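Each remark here refers to the structure printed beneath this line.
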Amino acid sequence: MTAGATVFTNLHLATMADGYGELRDGAVRVEEGRIVWVGPRAQAPMEGATIVDGGGCWLTPGLIDCHTHIVHAGNRSGEFEARLNGASYEDIARAGGGIMSTVRATRAASEQELIDQSLPRVASLLAEGVTTIEVKSGYGLDLDTEAKMLRAARRIGGVVPVDVATTFLGAHALPPEYVGRADDYIDAVCEQMLPQLAAQGLVDAVDAFCERIGFSNAQTERVFEAARKLGLPVKLHAEQLSDQRGAQLVARFGGLSADHLEHLSEEGVAAMAAAGTVAVLLPGAYYFLRDTTPPPVAQLRAAGVPMAVATDCNPGTSPLTSILLAMNMACTLWRLTPQEALAGCTVNAARALGRQADIGTIEVGKRADFALWDIARPADLSYAMGFNPCRGVVNAGVLRAPVVSWRD
Ligand code: DI6
Ligand code: FE
């Protein structure tokens, strides 16, 4: 008897190891939370294992939402409604709206309130087969609140079955205390906030918003230098609203990912391809902002840049808590194939987090994080809108929902 052995059988596999990596009528053996065997059902080594009958479901890697701002307080639906009733951006800003309203709410919330407000959003993702999320700070913009956000993100991973990767996004916006002194704020980010948060073990990666309304290329570079000194990987909100050559910058630092990319240049594509930097595509923000410039998907594809797809869940530009809808939008709006969309939430999302050795495909040695789906083929995941065919989630070998015989 092998301790903790489970065989998941009577299911079709999309391993995502090579394209879909389709294996009909397959099985997976898991021991101690890791995949030890993948293959045809008829050959599955069953000795000493608990058997989970997949009932003819499809099994994919657990989905990975590799770009979220899901930990924040309050929301901005009032602002959304005001705009649709004719208020201008300036009206809203004068009334204290926009990103700073989320900063105020997040500063005012306790750590527990942040967790309580974020959990329903996280639960929505988990119901759709998500097993790993990335969570960014960036609504604190001071040391204490950034720390509170990152601790809340980490603690969510202890409350519900999800793995959390934390990203420090101190350079998200200029806090009111520093108006007119952006370089001083970047000093604080680089010399105080990042080193202290890293010393507390709260930072897996470092991000910045490189944009005319965010931080300059030179300021971003200083943040990246500070990350490099601490041995932390970098990623970047790049070319969302304009081409700031952020993709080239993050590629030069061997960055994990460049995210958004609607205004990415050919030169940026080439730099990302050479550096192996993942393109994280965020159709929720494009949709919600009614943007009209799509990211250069065909060029990214031709250059062999791995593409990920994520929700960008945030209260201002992408109040989206459905990874399946993000996949659908990536296909519908930007012409990703359903296979690319699923790779974008599995194998390539893992890479955008630097976790490709551990998660993202169903392969021997990886963690047994899976999602089980009542679908006819993997393309169904990108096809339907607002329909959730998830029938179970497996976290490190532990099945979270019954899947046996719901068809009976
Ligand atoms: N880009 C965005 O679209 C969001 N952050 C970012 O860096 C906006 C966040 C917000 O409005 O709350
Ligand atoms: Fe974002």
Side-chain angles (χ1 to χ4, degrees), residues 65-80 82-83 89 92-93 96-107 109 114 117-118 121 133-141 145-146 149 153 165-176 182 189 205-217 219-220 223 234-242 244 246-247 250 255-264 278-291 293 295 308-321 323 326 329 349 352-353:
D65 193 347
C66 71
H67 181 140
T68 87
H69 311 249
I70 205 164
V71 169
H72 57 262
N75 74 24
R76 308 230 288 271
S77 63
E79 197 178 298
F80 175 69
R83 265 194 286 122
Y89 187 79
I92 289 163
I99 190 166
M100 284 308 146
S101 73
T102 303
V103 171
R104 277 195 305 278
T106 302
R107 286 179 175 181
L114 267 186
Q117 290 193 32
S118 303
R121 294 188 283 267
I133 57 173
E134 185 255 17
V135 180
K136 300 177 194 297
S137 68
Y139 288 119
L141 312 179
T145 315
E146 292 287 302
M149 288 185 75
T166 51
T167 299
F168 172 59
L169 179 57
H172 187 197
L174 192 63
V189 165
V206 176
D207 194 351
F209 186 33
C210 184
E211 195 54 70
R212 283 195 289 252
I213 60 164
F215 294 93
S216 70
N217 194 293
Q219 289 162 341
T220 301
V223 175
V234 298
K235 41 182 54 233
L236 188 64
H237 282 71
E239 333 323 355
Q240 180 185 6
L241 308 171
S242 61
Q244 299 289 316
V250 73
L256 293 172
S257 69
D259 304 38
H260 285 288
L261 302 175
E262 280 82 346
H263 296 266
L264 179 63
V278 176
V280 177
L281 305 177
L282 305 166
Y286 175 92
Y287 166 85
F288 198 74
L289 293 172
R290 306 179 76 237
D291 199 346
T293 305
V309 175
T311 63
D312 195 19
C313 175
N314 79 70
T317 63
S318 189
L320 174 62
T321 54
I323 192 94
M329 287 176 169
L353 299 179

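Because the structure is predicted, anything quoted here is derived from the model rather than measured. Atoms within a ligand are numbered from 1 in the order they appear, just like the ligands themselves.
- The distance from ligand 1 to the heavy atoms of Y139 drops below 4.0 Å at these ligand atoms: 9 (C), 10 (C), 12 (O).
- Using a 4.5 Å cut-off on side-chain heavy atoms (C-beta onward), T317 and N314 make contact.
- Between L236 and V234 there is no side-chain heavy-atom pair separated by less than 4.5 Å.
- Contact atoms of ligand 1 toward R76: 10 (C), 11 (O), 12 (O) (distance under 4.0 Å to a heavy atom of the residue).
- Taking the Fe ion (ligand 2) as reference, D312 places its N/O/S atom OD1 nearest.
- When non-hydrogen atoms are compared, ligand 1 lies under 4.0 Å from the side chain of Q240 (C-beta onward) but not from its backbone.
- Among H260, E262, Q240, M329, the one residue that satisfies the side chain to side chain contact (heavy atoms under 4.5 Å, CB included) test with L282 is H260.
- The closest approach between N314 and ligand 1 falls below 4.0 Å for a heavy atom of the residue.
- The Fe ion (ligand 2) sits nearest to atom NE2 when only the N, O or S atoms of H237 are considered.
- Closest to atom 6 (C) of ligand 1 among all protein heavy atoms lies H172 NE2, 3.4 Å.
- Considering only heavy atoms from C-beta on, D312 comes within 4.5 Å of H69 through its side chain.
- Listed by number with element, the atoms of ligand 1 under 4.0 Å from a non-hydrogen atom of T317 are 2 (C), 3 (O), 4 (C), 8 (C).
- H67 lies close to the Fe ion (ligand 2), since one of its N, O or S atoms is found at a distance under 2.8 Å.
- F215 is not listed as a side-chain neighbour of C210, based on a closest heavy-atom distance of 4.5 Å or more.
- Residue S257 holds its OG atom at 7.5 Å from CG of L353, rounded to the nearest 0.5 Å.
- The atom of H69 that is an N, O or S and sits closest to the Fe ion (ligand 2) is NE2.
- Ring geometry for F80 versus F288: interplanar angle under 30°, hence parallel rather than tilted (30 to 60°).
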